[in-house]
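Quick notes on the structure that follows.
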Amino acid sequence: MDIWHAVKQARLTLFCLCSLLILTFVYSLSTGILPVSFGAIARTVIGQGTEAERLILVDLRLPRMMLALLIGAGLAVSGTLLQGMSRNALADPGILGINAGAGLFVVLTLFFFRSATHQLPVLPFVAFFGATLVAWTIYRLAGKAVQPGRLLLVGVGINALCGALLIIFQLKMDPRDFQQATVWLTGSIWQADWSSVLTLAPWIICLVPLAFLDSRSLNLLQLSGSLPQTLGLQVERTRKRILLIAAALAGSCVAAGGGISFIGLLAPHIARRLVGPNHFSLIPVAALVGSLLVLLADLIGKNLLAPADIPVGIVIAILGAPYFIVLLFRK
Amino acid sequence: MTTSVRPRSILTIFFLTVGLLTVLSALSLFYGAVPISRATVLASFHAFDAGNLQHQLVQEVRFPRLICAGLVGIALALSGTMMQGLTRNALADPSLLGITHGAGLGVALSLAFVSEHSFVTSLAFSFGGAALGTAVILLITVFARGRFSPVTLTVAGAALSALFSALSTGITLFHQVAQDLSFWYAGGLSGAKWAHVFVLLPVVLLGLLISLHIARSMTVLSLGEDVATGLGSSLTKVRLLGFCSIVLLAGVAVSVAGVIGFVGLIIPHISRFLVGTNYYLLLPVSALFGMTLLIASDLLARMINPPFETPLGAVTALVGVPYFLYLARRKELSV
C-alpha cells in the first residue's frame with residue numbers, strides 16, 4: 001500500500017530524474033580531453049566503433065561514470081538514513097566524521113601493507129570497519145535524547161581526531177604515495193577502472209534495497225515522543241540497524257572514491273523538496289539525485305580547468321558548504 | 001564576573017605554572033635529537049663559542065624554537081580568548097571557526113602563485129586569509145544575531161573550514177604543491193629560527209596591547225550585549241578592535257607554526273574557570289597557560305617518536321579533541 005502510493009506519487013519525478021540522468025550520462029561520455037561525437041558513441045554501443053573509441057569510452061570513461069553513479073547513490077542513501085534515524089536534517093556521513101573514519105582505516109591499510117592492496121576488494125571491508133567504529137562512537141557519545149546540534153558537534157570533534165591521525169601517517173609516506181592518497185582522500189574517481197566498479201557495485205546493489213526495506217521504520221521514527229514504540233517499533237534496535245547500513249554504504253563509497261562530503265546532505269534535501277518526507281519515495285529519489293549530483297560535479301571537474309582534473313569531492317564541497325551554511329541560517 | 005578561586009590560590013597557581021614553565025623550558029633546551037650534555041647547554045649561554053657546533057645547535061636551533069613555541073602559544077591562547085569573548089561562544093577557537101583554514105587558503109595561494117616563495121610572502125598571504133576567515137565568521141555571527149547557538153556557529157565554522165580546505169587542496173593539487181601545503185598544515189616548529197622570533201614578537205605584543213586596550217569592554221560584554229550597550233560601550237569599536245587582534249594573533253601563529261588546533265579552545269576555559277571573566281586578569285593568565293601548553297606539546301611532539309617529529313597540530317588535537325567532546329556534551333555553552 002505504502003509502496004504503491006509512494007511510487008504513484010513520485011513517478012513523474014522519478015521519470016524526469018532518470019531522463020536527466022541519462023542525458024547527463026551521454027553528454028559526459030562525449031566530453032573530455034578527446035571529444036567523442038554522439039554518433040561514435042552510438043557506433044560503439046552497437047559494436048561498430050574504432051579501437052580508439054572503444055578504449056576511450058569503454059575502458060576509460062564508462063567505469064569512471066559508473067563509479068560516479070554508484071558513489072552518488074550510496075552516499076545519498078547513507079545521508080538519508082542518517083538524517084532519518086537522527087531526525088536531524090543536517091546529518092551527513094562527511095560532516096559526522098564517518099567518511100573520515102573510513103578514510104583513516106584505508107590510509108592505515110595502504111600505509112602498512114603498501115602497494116598491491118590498492119585494488120583489492122578488502123578495502124571496502126576495512127573502510128566499513130572504520131565507518132562503523134566512528135558511527136558507534138558517535139552514537140554512544142551523542143546519547144539518545146540529544147538535541148540535533150550536539151550530534152554534529154561530536155562529528156566535528158571526530159573529524160578533527162581522524163584528521164590529526166591521518167596527517168601523522170600521511171607525512172610518513174613517500175611523495176608519490178602521498179599525492180595519490182591526497183587525491184583519493186579529497187574524493188576522486190579519475191583513476192577508476194572496471195575492477196573498482198565491480199568491487200563497489202555489490203555493496204550498493206545489496207545495501208540500497210536493504211535501506212529501502214527500512215522505509216516504513218524510518219517513517220515511523222519521524223513521529224515524536226513514544227509514538228513509534230506504541231506503533232510496535234523496536235526503536236533502539238531499528239536505529240542501530242539503520243546506522244549500520246548507513247555506515248556500510250558510506251564506508252564502501254569512501255573505499256572506492258575517497259571522502260566526498262556534502263552529497264549525503266544535499267541529495268536528501270533536494271529529494272525532500274521534490275517528493276516530500278515519505279521514505280518510500282524519498283530513498284529512491286535521493287539515490288537518483290545523488291548520482292546526478294556526482295555525475296554533474298564530475299562533468300564540471302573535468303571540463304572547468306581542462307586538461308587538469310579537479311577532484312569531484314572538491315567541486316561538491318565548494319558547492320555544498322555554502323548551501324550547508326544557508327541551511328543553518330534557515331533553521 | 002564571579003571569581004571562582006580566591007586571590008591567594010591564584011597566586012599559588014601562578015607560581016606553580018611559572019615553575020612548570022621553567023622546568024619545561026629547561027627540558028626543551030636539554031633534550032633533542034643530538035645528545036648534548038647539560039654543562040655544554042649551560043655553557044652556550046654564558047660562554048658562547050661560535051666554533052663549537054653544539055653551542056651553535058643550542059643557540060641557533062633549540063633556543064629560538066623554544067621562544068617561538070612560547071610566543072605561538074601566547075598568540076593562540078589570546079586569539080581563542082578574544083574569539084570566545086566576542087562571539088560569546090564557549091566553543092569558539094580559530095581552528096574550529098574557519099580562521100586557520102582561511103589562513104591555509106592564503107598560504108596555498110602563495111605556494112601556487114608566488115614564484116619566489118619566502119617567509120614574508122607566506123606571512124602576508126596568511127594574514128589575508130585569516131582576515132577573510134575571521135570576517136566571514138563574524139559576519140555570520142552578526143547576521144544571525146541571536147538565532148545562532150554556540151553549537152550552530154561551530155557547525156557553520158566546520159562547514160567554512162571544509163570550504164576553505166577544499167579550495168586550497170584544489171589549488172595545490174592543480175599546481176602540484178599539495179604536499180608542501182600538507183607539511184605546513186601539519187603544523188610544527190622544526191624550522192623555527194630567530195627570524196621567526198623577530199616577526200612573532202612585535203605582532204604578538206601588538207595583539208596583546210589591542211586586547212588589553214579593550215579588556216574593560218570585553219569584561220562588560222560578558223554580561224550581555226544589552227548590558228554592554230547600556231553601560232556605554234561601543235560594540236562596533238570593540239568588535240573592530242577585537243577583530244584586528246584576532247587576525248593579527250591567529251594569522252601570525254598560523255603562518256609560523258601551521259594549523260595548531262584546540263589550544264585556543266582549551267586555554268580560555270581553564271583560565272576563565274580560575275580567574276573569572278575580568279579580562280585584565282584573564283588575558284595575561286591565558287597567555288601564560290598558552291605558552292606552557294604549547295611548549296609542553298612541542299616537547300611531546302619531539303619525544304613521541306624520536307628522531308622523527310610528530311606533527312605539532314596532531315599532538316594538540318589528540319589532547320584537545322577529548323576535551324572538545326566533553327564540552328559538546330555539556331549543557332551551558334554561552335560565555
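These values consider heavy atoms only, across backbone and side chains, with no hydrogens, waters or symmetry-generated copies. Naming: A, B, ... by sequence-line order, numbering from 1 per chain.
- Here the CD1-OG1 distance, from I310(A) to T169(B), works out to 12.5 Å after rounding to the nearest 0.5 Å.
- At a 4.5 Å heavy-atom cutoff, the contact between L160(B) and chain A is made by backbone and side-chain atoms alike.
- The two atoms that bring V156(A) and A158(B) nearest to each other are CG2-CB, 3.8 Å, heavy atoms only.
- In Y326(B), the OH atom is not crowded: 12 or fewer heavy atoms of neighbouring residues, nucleotides or ligands sit closer than 6.0 Å.
- Looking at heavy atoms from C-beta onward, L153(A) lies in side-chain contact with F324(B) at the 4.5 angstrom threshold.
- Rounding to the nearest 0.5 Å gives a distance of 8.5 Å between CG of L167(B) and CD1 of I314(A).
- Within the 4.5 angstrom heavy-atom criterion, only side-chain atoms of L165(A), from C-beta onward, approach chain B.
- When all heavy atoms of A317(B) and L161(A) are compared, the pair lying nearest together is O-CD1, 4.5 Å.
- The side-chain heavy atoms of I140(B) and F329(A), taken from C-beta on, include a pair separated by under 4.5 Å.
- A pairwise comparison of heavy atoms in V321(B) and A160(A) identifies CG2-CB, 4.0 Å as the closest pair.
- Looking at F164(B), neither its backbone nor its side chain comes within 4.5 Å of chain A, counting heavy atoms on both sides.
- For Y31(B), the OH atom is densely surrounded, since the number of other residues' heavy atoms within 6.0 Å is greater than 12.
- Just one of I325(A), L319(A), I318(A) meets the side-chain contact (heavy atoms from CB on, under 4.5 Å) condition when paired with L163(B); it is I318(A).
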